[in-house]
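Worth saying up front: this structure is predicted, and the values here are computed from it rather than measured. All values below come from the heavy atoms of this structure, side chains included, with hydrogens, waters and symmetry mates left out.
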Amino acid sequence: MPAALKKRARTPWTWVPTLYFAEGLPYVAVMAVSVIFYKQMGLSNAQVTLYTSWLYLPWVVKPLWSPFVDVVKTKRAWILAMELLLGAAFGGVAFTIPTTFWLQGTLFFFWVMAFSSATHDIAADGFYMLGLTSHEQAWFVGIRSTFYRLATIFGQGLLVMAAGNLQVLRRNSIPMSWMLVFYGVAGIFIALWLWHAALLPRPTSDCQRKGLNINTIWLELWRSVKTFFGKEQMLAGILFMLLYRMPEGLLSKVSALFLIDARHNGGLGLSPQEYGFVQGTVGILGLTIGGILGGILAGRHGLKRWLWPMAAAITLPDVVYVCLAFAPATPLSVISTCVFVEQFGYGFGFAAYMLYLIFYSRGSYKTSHYALCTALMALSMMLPGLFAGTLQEAVGYRAFFLIVVALCVVTFVVTAFVKIDPDFGRKSPSAE
């Protein structure tokens, strides 16, 4: 290949979009698609939420092994290795579906997928900063977010729709339809691995860090943890990170199960195709628009001014599920509107949460402290999810959604205790 053509082939447009599509797809497969898959395979709501909530664990403990990515091999090598492993994990899920040990087998490969995805996140985000100039990083930040969202729509929307269409074509063969879907995604990741092996650049700064060993890594990790828990407003900050999203932690998986559960069980009885459209497409668009609007407003007036409206936005729209639970014969257009409103509110309110993580991480060890904040963020979704299905089965969908709305008071309580610099997030000379 001529040098000029080779240089053009490795422009960021050839690898940034695909890299972040590859980052988003396994995450949504582990966190959302697995919920629909296990529900269709006949597991109870309690089992589905328990098993799939444990899959948050790799993102909870990610800060503990993220420093080792700098020591063992380059970030480019990590990306390629994880994409190959992700392809194998998707293939493993598909391979074990028709077996007698399908539950144990698929859970094992979902765990492999989760750890590989979390490691891919570390390497990809680091490589993004090494492979681009500061100008290119700013220019492509919107592109990477867009393709991450497209991966979410593809996974939670199109893949679930594809499974539903295959069930129609193959006369309701649920295991066979999901097997074909997961084999298809395995093929996608093999293609991504080949694409990135050919087109990912080789920046000179992407190298193993010298002078690092296991002892120095653990020492730095201990110092960052010690200073993290020694910050001013530590207790209020940690409670905010753990409890601000408690209602959503309970709601996220059960709401998906509610949408597809049969009407005689209290659900809405949506088909996979309808679910893929409502939750995987309309819902994701609402989430994206809400998040963008939240970021714009917080950037214009500061986080402190918008904190309470955002806390209200992330909680109060949960009431739409109460309305849907008491009106299970609701038309699809109304269901779509309700899901859009709830997800828009979540996206808008989640902007405050993400900005607070940045605010809390300021000072020494900023990168390490932010990693610890994101670990608490994953834990805040994992813990409520572990028992959400059990609670729902005990009280029914209607009472469950009423409990979720009642627990919104927890969000307001932890919001009341955090103290934020009025200028933080605002575009001004004194802004952070």
Side-chain angles (χ1 to χ4, degrees), residues 20-21 24-25 27-37 39-40 52 142 145-168 181 185 245 247-263 266-296 310 312-351 381 397 401 404-405:
Y20 279 89
F21 186 88
L25 185 53
Y27 181 83
V28 73
V30 169
M31 295 303 166
V33 178
S34 64
V35 174
I36 307 304
F37 164 69
K39 180 64 176 178
Q40 283 209 301
T52 59
S145 299
T146 298
F147 276 84
Y148 191 95
R149 291 298 184 197
L150 287 175
T152 304
I153 293 173
F154 181 82
Q156 199 169 350
L158 295 182
L159 290 184
V160 177
M161 289 181 182
N165 290 331
L166 287 169
Q167 288 162 26
V168 174
V181 165
V185 183
R245 295 197 298 167
E248 189 65 27
L250 286 170
L251 184 67
S252 60
K253 293 185 184 297
V254 172
S255 62
L257 297 171
F258 167 68
L259 291 175
I260 65 170
D261 211 347
R263 290 191 177 182
L268 297 184
L270 299 187
S271 67
Q273 297 92 323
E274 290 171 328
Y275 171 86
F277 173 74
V278 171
Q279 186 79 353
T281 305
V282 175
I284 297 301
L285 289 175
L287 179 71
T288 303
I289 295 170
I292 292 172
L293 181 61
I296 291 172
M310 288 179 174
I314 205 172
T315 53
L316 299 184
D318 293 347
V319 76
V320 300
Y321 282 102
V322 176
C323 300
L324 291 173
F326 281 91
T330 305
L332 186 64
S333 59
V334 177
I335 296 172
S336 300
T337 302
C338 289
V339 171
F340 180 89
V341 169
E342 189 271 330
Q343 286 293 289
F344 175 87
Y346 178 67
F348 186 75
F350 187 62
M381 295 296 284
Y397 283 115
F401 292 134
V404 169
V405 172

**Request:** Calculate, to the nearest 0.5 Å, the distance between atoms CZ and CD1 belonging to F340 and I289 respectively.
**Result:** 4.0 Å

**Prompt:** For V322, what residues pass the side chain to side chain contact (heavy atoms under 4.5 Å, CB included) criterion, not counting sequence neighbours?
**Reply:** V319, F326, F401, L402, V405

**Item:** Side chain to side chain, Q279 and I36, heavy atoms closer than 4.5 Å
**Value:** no

**Request:** Report the residues that fulfil side chain to side chain contact (heavy atoms under 4.5 Å, CB included) with A262, sequence neighbours left out, ordered by chain and then residue number.
**Result:** H264, N265

**Message:** Please find the pair of heavy atoms, one from F348 and one from A313, that lie closest to each other, and give the distance.
**Reply:** CD2-CB, 3.5 Å

**Prompt:** What's the verdict on side chain to side chain contact (heavy atoms under 4.5 Å, CB included) for L324 and F258, showing C-alpha distance, side-chain angles and the deciding distance?
**Reply:** CA-CA 10 Å; L324 291 173; F258 167 68; 3.9 Å; yes

For residues 149-163, which side-chain donor-acceptor pairs fall under 3.5 Å, sequence neighbours excluded?
from: T152; atom 1: OG1; to: Y148; atom 2: O; distance (Å): 3.1
from: Q156; atom 1: NE2; to: Y275; atom 2: OH; distance (Å): 3.3

**Prompt:** When rounded to the nearest 0.5 angstrom, what distance separates OG1 in T337 from CG in L332?
**Reply:** 9.5 Å

**Message:** What's the separation between atom CG in L250 and atom CE in M381, rounded to the nearest 0.5 Å?
**Reply:** 9.0 Å

**Prompt:** Do E342 and D318 have side chains that get closer than 4.5 Å, going by heavy atoms?
**Reply:** yes

Please output the side-chain donor-acceptor pairs of residues 266-274 that fall under 3.5 Å, not counting sequence neighbours, one pair per line with the distance.
from: S271; atom 1: OG; to: Q273; atom 2: OE1; distance (Å): 3.4
from: S271; atom 1: OG; to: E274; atom 2: N; distance (Å): 3.2
from: S271; atom 1: OG; to: E274; atom 2: OE1; distance (Å): 3.4
from: Q273; atom 1: NE2; to: G164; atom 2: O; distance (Å): 3.3
from: Q273; atom 1: NE2; to: N165; atom 2: OD1; distance (Å): 3.2
from: E274; atom 1: OE1; to: S271; atom 2: N; distance (Å): 2.9

**Request:** State, with a plain yes or no, whether a side-chain heavy atom of Y20 is found less than 4.5 Å away from one of T146.
**Result:** no

**Request:** Locate the shortest heavy-atom distance separating M310 from G294; write the atom from each residue and the value.
**Result:** CE-O, 3.3 Å

**Request:** Mind checking the SG-CG spacing from C338 to L259? Nearest 0.5 Å is all I need.
**Result:** 10.5 Å

**Partner set under side chain to side chain donor-acceptor pair (under 3.5 Å) for Y321, not counting sequence neighbours** = none

**Message:** Within the structure provided, determine whether F344 and P317 are in side-chain contact (heavy-atom separation under 4.5 Å).
**Reply:** no

**Prompt:** Taking atom CG of L257 and atom OG of S255, what is their separation to the nearest 0.5 Å?
**Reply:** 8.0 Å

**Request:** Using modelled atom types only, decide if a donor and an acceptor are shared between the side chain of T52 and the backbone of V30 within a distance under 3.5 Å.
**Result:** no

**Message:** Suppose the criterion is salt bridge (Lys or Arg N to Asp or Glu O under 4.0 Å): which pairs have a residue in residues 251-262, not counting sequence neighbours?
**Reply:** K39-D261

**Fill in**
Of all heavy-atom pairs linking A351 and G291, the shortest is CB-O, 4.4 Å

